[in-house]
Undergrad: 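Dropping the structure in here first, questions after.
We number each residue from 1, following the sequence as shown.
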Amino acid sequence: MAGNGEVVSNKQVVLKNFVEGFPKETDMEVKTSSISLKVEEGSNAVVVKNLYLSCDPYMRNRMTFSENPEFASYIKGSPIQGYGVGKVVNSGHPEFKKGDLVWGTTGWEEYSLIKNPQVLFKIHHTDVPLSYYTGILGMPGITAWAGFYEICTPKKGEYVYISAASGAVGQLVGQFAKLMGCYVVGSAGSKEKVELLKNKFGFDDAFNYKEEKDLNAALKRCFPEGIDIYFENVGGKMLDAVLLNMRVRGRIAACGMISQYNLTQPEGVYNLMNVVYKRIRIEGILVFDFFHQYSKFSETVLPLIRAGKVVYVEDIAEGLENAPGALVGLFSGRNVGKQVVVVAKE
């Protein structure tokens, strides 16, 4: 590792163009700049060496220009940002010291100067793979845990449906639901992913939505008595079909709507009167609202991982130069499991 005062080269993935429609690898560019590994005296900033980066569907929205202060666009010509795992190289913050392992918001680059270390969580448990802190023990994990337990308020024996169920969040929601004693069905976009849901994650049933001509009929086949809980990752036609199949006082946790991200004109939802008739509760989830519960979350999930009661599948891309392709691949379903980019192995 370079000395603390040294200026080193810094490979970066920067946003080249704001995106319309499906993102392309050419909307990003791999460049090399330089960075000082020394933190200015009196600063609270930290410099981290990035080890793992997380590819997540929400990043697509930040690649389109928006003036929404709740969800700021990336800056053209600057490194894109996301969740990652890193090692502290230098620190002006009293809570972080050189050598600490951390996860949180970082840049898509080899080294990042993080001026607001409040976006970082210190990693205390290294008996599990470090990459897990981009997934099951990071943002997707808290999202799954809070969305299912806090928003959906599940009860034993309820009927649970999860779309995009083999992804970073969906695979966990399904396993949490099975641990609760629920009946669980998921949908995914390939035969391989459907088999993963049933054989690896223990779902009661699963179907390939691409092979279904009628989503309403597919859901009626899987849930002849209706759905109590829907964990929403897809939106559009899938949400419309689910609304027809919800039970009275059903709950929907709206985590994402990946089918809509690349459309210039979002699809309409036509079956919303079911929300009224069936007294359905729909609530959106943003992970930031639950970061204060991270200790409670990790104390719950770590023992499940260690005991093998929850498993996690990752799709690993090696090297920062392959990060644009890994991110774009999310939107064609190329990844199987949680998409992670390895930048360095300590």
Undergrad: So, the side chain of Glu232 versus the backbone of Gly235: is there a donor-acceptor pair under 3.5 Å, distance only?
TA: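 Such a contact is found between Glu232 side chain and Gly235 backbone.
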Undergrad: Is there a donor-acceptor pair under 3.5 Å between the side chain of Asp240 and the backbone N or O of Asn271?
TA: yes
Undergrad: Is a side-chain N or O of Ser112 found less than 3.5 angstrom from the main chain of Thr106, in a donor-acceptor match?
TA: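 No, the answer is negative, given that no donor and acceptor are paired below the 3.5 Å cut-off.
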Undergrad: Using the six-membered ring wherever Trp is involved, compare the ring planes of Trp103 and Tyr294 and label them parallel, tilted or perpendicular (cut-offs 30° and 60°).
TA: tilted
Undergrad: Taking the basic N atoms (NZ, or NE/NH1/NH2) and the acidic carboxylate oxygens, is any pair closer than 4.0 Å for Lys16 and Asp27?
TA: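 No, Lys16 and Asp27 are not salt-bridged.
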Undergrad: Honestly, is Lys178 close enough over Phe203, meaning NZ or CZ under 6.0 Å from the six-membered ring centre and within 45° of the axis?
TA: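 Geometry flag: not set, cation outside 6.0 Å or 45°.
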Undergrad: With a 4.5 Å heavy-atom cut-off, do Val313 and Gln171 have their side chains touching?
TA: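 Contact flag for Val313/Gln171 side chains = yes.
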Undergrad: Between Phe291 and Phe121, is the ring centre distance below 6.0 Å?
TA: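 Yes.
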Undergrad: Can you check whether Asn208's main-chain N or O pairs, donor with acceptor, with Ser187's side chain at less than 3.5 Å?
TA: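 No; judged by distance alone, with no hydrogens or angles, the pair does not exist.
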Undergrad: So with a 6.0 Å cut-off around CD of Glu195, is the heavy-atom count from everything else above 12?
TA: yes
Undergrad: Please name the residue in the list Phe231, Tyr230, Tyr209 that meets the ring-ring contact (aromatic ring centres under 6.0 Å, His included) test with Tyr161.
TA: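 So, applying the ring-ring contact (aromatic ring centres under 6.0 Å, His included) to Tyr161 and each of Phe231, Tyr230, Tyr209, only Tyr230 qualifies.
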Undergrad: Are Glu211 and Lys191 within salt-bridge range, i.e. N to O under 4.0 Å?
TA: no
Undergrad: Using the side chain to side chain contact (heavy atoms under 4.5 Å, CB included) definition, which of the options Val287, Val169, Val173 pairs with Pro140?
TA: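 Output: one option passes, namely Val169.
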Undergrad: Should the pair Lys156-Glu158 be classified as a salt bridge under the 4.0 Å nitrogen-to-oxygen rule?
TA: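 A salt bridge is absent here (no side-chain N lies under 4.0 Å from a carboxylate O).
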Undergrad: Check Arg306 with Asp127, please: is the shortest side-chain N to carboxylate O separation under 4.0 Å?
TA: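 The answer is yes: the pair qualifies as a salt bridge.
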Undergrad: So, Asp205 side chain and Cys222 main chain: donor-acceptor pair closer than 3.5 Å or not?
TA: no
Undergrad: Between Glu29 and Lys76, does any NZ, NE, NH1 or NH2 come within less than 4.0 Å of an OD or OE carboxylate oxygen?
TA: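 Here Lys76 does not pair with Glu29 in a salt bridge, since their nearest N and O are not under 4.0 Å apart.
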Undergrad: Is a side-chain donor or acceptor of Lys278 paired with a backbone partner of Met246 at a separation under 3.5 angstrom?
TA: yes
